[in-house]
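Below you'll find the structure, written out as structure tokens, and then a few comments.
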Amino acid sequence: MALDPGESPGFLLWHATLRWQRDIAAALAPLGLTHVQFVLLACAWWLNTRGEHPNQLALARQAGTDVKMTSQVLRTLETKGLVEREVDPTDTRAKRLRVTETGAALAPRAIAAVEEVDAHFFEPVPVADAIALLGRLAHPEDRGGREV
């Protein structure tokens, strides 16, 4: 039986996602970043602060992004002077990613802007409940080792 659009979880999720993406884009625009640029910069910065210098594939896995798209966005971040690609000393064919000083200054500001949007957007729901639900939806395989 077809549900009314207002009773369809997928339809509501679609609209909620669109609203959230608009809010994120508006918060990042003054910083000169798109949402995808932010995600890749923030992930690279986070990994760098832990002493890791990921290659493009490792960054794409961390961010959950397509490898080819990640490469294109990294070129843009490199052009903006936010990341650098360095030759991996253990494999000269590979490039390791390092957030520049400019990128390292921008990343925490961008993260704070996104976290502010998230806090406002998810305000109607207790944080623990939002994290539990979204975690289950994002990683269904984590529920007892079987995908649902």
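As a basis for the values below, the full set of heavy atoms in this structure was taken, side chains included, without hydrogen atoms, waters or symmetry mates.
M69 places a side-chain heavy atom less than 4.5 Å from the side chain of T65. Considering only heavy atoms from C-beta on, L74 comes within 4.5 Å of L59 through its side chain. Using a 4.5 Å cut-off on side-chain heavy atoms (C-beta onward), L57 and V67 make contact. Inter-residue side-chain proximity for L13 and P9 is flagged as unmet; no heavy-atom pair is nearer than 4.5 Å. Taking 4.5 Å as the limit, every side-chain heavy atom of E52 sits out of range of all side-chain heavy atoms of N48.
A distance of 9.5 Å separates CZ in F121 from CZ in R22, rounded to the nearest 0.5 Å. Distance check: F38 CZ to L28 CG gives 6.0 Å after rounding to the nearest 0.5 Å. In this structure, OG on S71 lies 11.5 Å from NZ on K95, to the nearest 0.5 angstrom. T34 OG1 to L40 CG: the interatomic distance, rounded to the nearest 0.5 Å, is 8.5 Å.
Residues meeting the side chain to side chain contact (heavy atoms under 4.5 Å, CB included) test with W14, sequence neighbours left out: L18. Residues passing the ring pair (Phe, Tyr, Trp, His ring centres under 6.0 Å) test with H35 are W20, sequence neighbours excluded.
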Run the numbers on R75 and T79 for side chain to side chain donor-acceptor pair (under 3.5 Å), then give the verdict.
CA-CA 6 Å; R75 276 195 292 277; T79 300; over 6 Å; no
Quick one: do K80 and T76 satisfy side-chain contact (heavy atoms from CB on, under 4.5 Å)? Show the steps, please.
CA-CA 6 Å; K80 291 181 173 194; T76 300; 4.0 Å; yes
Pair R85-L97, side-chain contact (heavy atoms from CB on, under 4.5 Å): steps then yes or no:
CA-CA 5 Å; R85 298 177 207 228; L97 300 166; 3.7 Å; yes
Could you give me the CA-CA distance, side-chain angles and deciding distance for S8 and D4, then say whether side-chain contact (heavy atoms from CB on, under 4.5 Å) is met?
CA-CA 7 Å; S8 168; D4 180 270; over 6 Å; no
Determine whether D88 and N55 satisfy the following criterion, side-chain contact (heavy atoms from CB on, under 4.5 Å), listing intermediate values before the conclusion.
CA-CA 9 Å; D88 184 338; N55 62 24; over 6 Å; no
Please list every donor-acceptor pair under 3.5 Å in which a side-chain atom of residues 99-111 meets a protein atom from a residue at least two apart or in another chain.
{"from": "T100", "atom 1": "OG1", "to": "G81", "atom 2": "O", "distance (Å)": "2.5"}
{"from": "T100", "atom 1": "OG1", "to": "L82", "atom 2": "O", "distance (Å)": "3.2"}
{"from": "T100", "atom 1": "OG1", "to": "T102", "atom 2": "N", "distance (Å)": "3.4"}
{"from": "T100", "atom 1": "OG1", "to": "G103", "atom 2": "N", "distance (Å)": "3.1"}

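Of all the heavy atoms in L137 and P140, the pair that sits closest is O-CD, 3.6 Å. The heavy-atom pair separating Q37 from G32 by the smallest distance is OE1-O, 3.7 Å.
Under the 4.5 Å side-chain heavy-atom criterion for grouping Ile, Leu, Val, Met, Phe, Trp and Tyr, L134 is not connected to F11 through any hydrophobic cluster. Cluster membership for L133 and L12, using ILVMFWY side-chain heavy atoms within less than 4.5 angstrom, is not shared. In the hydrophobic clustering of ILVMFWY residues, with side-chain heavy atoms under 4.5 Å counting as a link, I24 and V127 come out apart. Both L41 and W46 are part of a single hydrophobic cluster, where members link through side-chain heavy atoms under 4.5 Å apart.
Note on D66 versus K68: no salt bridge recorded, every NZ/NE/NH1/NH2 to OD/OE distance being 4.0 Å or above.
At most 12 non-hydrogen atoms from other residues, nucleotides or ligands lie less than 6.0 angstrom from NE2 of H120. The number of heavy atoms from other shown groups lying within 6.0 Å of CD (E116) does not exceed 12.
Of the possible donor and acceptor atoms, one in the side chain of R96 sits under 3.5 Å from a partner among the backbone N and O of H53.
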